[in-house]
Each structure stands twice: as structure tokens, then as C-alpha cells.
Amino acid sequence: METQIIARAHGWLSRAKKYIEEGEVVAFHTETVYGLGANAFNDDAVLKIFALKGRPADNPLIVHVHRDYEISRLIDGEPPYAAALRAAFLPGPLTMVYPSTGKVSQYVSCGLPTLAIRVPSSPTAQEFLREVDLPIAAPSANLSKHVSPVTARHVYDDFNGKIPLILDGGACMGGIESTVLDCTGEVPQILRGGLVTREMIASVAGDCGVYVRKEGEQPKSPGMAYKHYSPRCKTAYCRSAEEANALYDGEAEQGGRPCILAESGLISALGGREALDLGGTGEEMARRLYALLRSAEKSATLLIGVEPKEQEGVMVGVLNRLRRAFGVDA
Ligand code: AMP
Ligand code: MG
């Protein structure tokens, strides 16, 4: 199969629609990362996503719909706070988990009684979803455990020859996956941090919890149990520029090609060593992280990450991805 990357062109959406209706899998741009989408009503198409990614069979998928899609077809009621959150943040990088009506394929939620729904704001995603007018089950368009894709080229690198079409909407400006919010309880609870922060949710819903898995407990969001976002080179993680410099010099002495990934404020403390600038704000770090991890794995023998100082707001989600990429929390 030849994989085509198509940016806005005459007939691009009708081609995508045809593939989706035939039970194929199509990759598409969103404002967070690229998604690997299939018709959520079609068992075989949904199973194809798991097979293509090598995704564990107990890691459920998020269903994507356009902004006017009637979600009451898919969910069994919602608390008042959830309606307020939808009004405040959708379309946007917030996934909401609801009790499911069980109408979509059983493989979407991997047997859970809930369904995760997202309304992406990317114009490419919106136009695609409107054209198909179906709920589209879509995880990130990367091989399982690899770094999430933030350009069409990243998707191509993982799936060339395996999917027919990538809808290219340019680079993803959000850069990390959506916030996943459990909306089945009295108070919303964050299962995965992202660009819609706890503070933003609490300002609308009045309160917002953050799920922390207890030792030995099955996680509420099964994806959080897996190793994720890993670059394909050796990695090391540290807390200071001094530590990073020492690791760097050790690798260089052995003839390796080390590289340090650090926030903007630390770059001058690296003494001219090969470095990737993660950025100065949480939003910037979210936007740059995956592209930098993907470029580092192509050239570095050892990638050394330095923990950023800021830990609040958007950084909660960024740190989660960063630490997991470096195998610190996994
Ligand atoms: P991905 O699409 O690869 O970014 O992963 C989707 C994330 O959403 C994973 O962490 C899943 O575990 C989570 N997720 C999807 N559906 C549900 C659900 N019904 N309940 C809880 N978490 C979910
Ligand atoms: Mg993913």
C-alpha cells in the first residue's frame, strides 16, 4: 500500500471519507498530536488500529467527533459540570470520559463501561470529522511506545506503506496529547494532564481532582500503565546542568555523540555542548518536546534530559511526558 500525505487540496476529504467507509485507517492532524483514525462503529476497523500500532488490547481509544455531533447518541447522560466544561473548552485539547451507551464497537473502550470523547479544534480535524459525520476512534498516530507524532512526516516515518492516507494540517501547535478528564463522578478528575489544566477546569467546574494510582491498583486510565513516548536512543535524566555536563563528557570521551535537552534558561550553563532548547514556557515546551525527541533519536547516541524548574499548570502534563520519555515514571 502506498501512503499518501495530502495537504488541503480539492477532494482530499472525500478521499478520506471513502477510506473510512471502507474500514480503512486514516491519519489526521489535530491541535495536540496526529491521530490514527477509524470508524468507531466498525469492529474490524477499530481492531486494525491496535494491530497497526502494536497497542496493548486493554488500552482504550478516544472517540473524536465534530463540534455539532450529537454526543447523547454515545453517552449515557452527563453531570452539569461536564456540560459547563464542554461549553468552556470544546472544541479543544480536552477529552471527557462518560458512561457509555455501548453503541460504538466494544473494542474502542476495551470492555470498560465508559467512553472517552474529544472534539478537536484543528480545522483539518473538524473538516474531516464533519465530512465523515461518524465518531472516529483515534489514538496518537505512532507505533506503540514510540514518541507521539507532531508532523505528517513523523506519521509517515512510523506507518509508511501501512495506511493509505495522512491528512496533513502542518505541525501540531499543542504538541502533547489531550487532557483526559473522568466525568463519571461528583467532581471531575484528571486522568492525564495536558494543555487544559487543573486550574482551568476547577475555575469552571468549581473543583477538580487529579487521579493518582495507588500501589498495585489497576489504573483508571489504562494507557498510563504503559511505557510511552520513548526516543530510540540511550537516555539519561538529571536535575541539574552540572550533572548533565558530566554525563555528556563521559559519553563524548567514549566516542559517543551525546546531546542535552534542557529548558532555555539552562542552555548557557551547558558550556557550548550539543543541546536542544526545549523552550521557556510550558506551552513552548509542550509544542517542542516530541519533535525534539524524534530529531535527537536520529543523531544522538545518548540523550540527556534535564528536569525543568517550573512544575505547575501546563508543566504538569509536560513533565509527565518528559519523565516517561526518559523512563523515570513509566
Ligand atoms: P492516546 O490516544 O494514545 O493518547 O491514548 C488515549 C488515552 O486515553 C489513554 O491514556 C487511555 O487509557 C485513555 N482513555 C481512553 N478511553 C478511556 C476510558 N474510557 N477511560 C479512561 N481512560 C481512557
Ligand atoms: Mg498515544
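One-based numbering, in listed order, for ligands and for the atoms of each. Counting begins at 1 with the first residue of the sequence.
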Peer 1: Heavy-atom distances under 4.0 Å decide this one: backbone, side chain, both or neither, for Lys220 against ligand 1?
Peer 2: backbone

Peer 1: Would a distance-only check, ignoring hydrogens and angles, find a side-chain to backbone donor-acceptor pair under 3.5 Å from Lys53 to Ser140?
Peer 2: yes

Peer 1: Strictly distance-based, threshold 3.5 Å: is any side-chain N or O of Glu263 a donor or acceptor partner for the main-chain N or O of Lys309?
Peer 2: yes

Peer 1: What protein heavy atom is closest to atom 2 (O) of ligand 1, reported as residue, atom name and distance in Å?
Peer 2: Pro139 CA, 3.1 Å

Peer 1: Below 30° counts as parallel, above 60° as perpendicular, anything between as tilted: where do the rings of Phe326 and Tyr237 land?
Peer 2: tilted

Peer 1: Under 3.5 Å, is there a donor-acceptor pair between the Tyr290 and Glu177 side chains?
Peer 2: yes

Peer 1: For ligand 1, note which part of Asn59 has a heavy atom under 4.0 Å away: side chain, backbone, both or neither.
Peer 2: side chain

Peer 1: Return yes when at least one N/O/S atom of Ser140 is nearer than 2.8 Å to the Mg ion (ligand 2), and no when none is.
Peer 2: yes

Peer 1: So do the side chains of Leu319 and Glu307 get within less than 4.5 Å of each other, counting heavy atoms only?
Peer 2: yes

Peer 1: Counting from 1, what ligand 1 atoms have a heavy atom of Thr114 closer than 4.0 Å?
Peer 2: 18 (C), 19 (N), 20 (N)

Peer 1: Are His64 and Phe28 an aromatic pair by the rule of ring centers under 6.0 Å?
Peer 2: yes

Peer 1: Regarding atom 3 (O) of ligand 1: of the candidates Lys53, Arg118, Glu177, Arg55, which has the closest heavy atom?
Peer 2: Arg55

Peer 1: Before you tell me yes or no, could you show the steps for Glu251 and Thr301 under side-chain hydrogen bond (donor to acceptor under 3.5 Å, both in side chains), namely the whole-Å CA-CA distance, both residues' side-chain angles and the distance that decides it to 0.1 Å?
Peer 2: CA-CA 8 Å; Glu251 177 75 4; Thr301 53; 2.7 Å; yes

Peer 1: Compute the minimum heavy-atom distance from Leu61 to ligand 1 and say whether it is under 4.0 Å.
Peer 2: yes

Peer 1: Between atom CG of Asn160 and atom CE of Met1, what is the distance when rounded to the nearest 0.5 Å?
Peer 2: 11.0 Å

Peer 1: Output the list of atoms in ligand 1 that are nearer than 4.0 Å to some heavy atom of Ile62, sorted by atom number.
Peer 2: 6 (C), 8 (O)

Peer 1: May I ask you to identify the nearest protein heavy atom to atom 13 (C) of ligand 1, giving residue, atom name and distance to one decimal place in Å?
Peer 2: Ser221 OG, 3.3 Å

Peer 1: Taking heavy atoms and a distance under 4.0 Å, where does Leu191 meet ligand 1: side chain, backbone, both or neither?
Peer 2: side chain

Peer 1: Relative to atom 15 (C) of ligand 1, which among Gly35, Ser144, Pro60 owns the nearest non-hydrogen atom?
Peer 2: Pro60

Peer 1: In a check of side chain to side chain contact (heavy atoms under 4.5 Å, CB included) between Val65 and each of Leu90, Val119, Ile136, which one passes?
Peer 2: Val119

Peer 1: In the protein, which heavy atom is nearest to atom 12 (O) of ligand 1, and how far is it?
Peer 2: Gly223 N, 2.8 Å

Peer 1: Between Leu36, Ile166, Val25, which is the residue that forms a side chain to side chain contact (heavy atoms under 4.5 Å, CB included) with Phe159?
Peer 2: Leu36

Peer 1: Under a 4.0 angstrom heavy-atom cut-off, which atoms of ligand 1 come close to Arg192?
Peer 2: 1 (P), 4 (O), 5 (O), 6 (C), 7 (C)

Peer 1: Is the contact between His64 and ligand 1 made by the side chain, the backbone, both, or neither, using heavy atoms and a 4.0 Å cut-off?
Peer 2: neither

Peer 1: Show me which atoms of ligand 1 lie under 4.0 Å from any heavy atom of Ser140.
Peer 2: 1 (P), 2 (O), 3 (O)

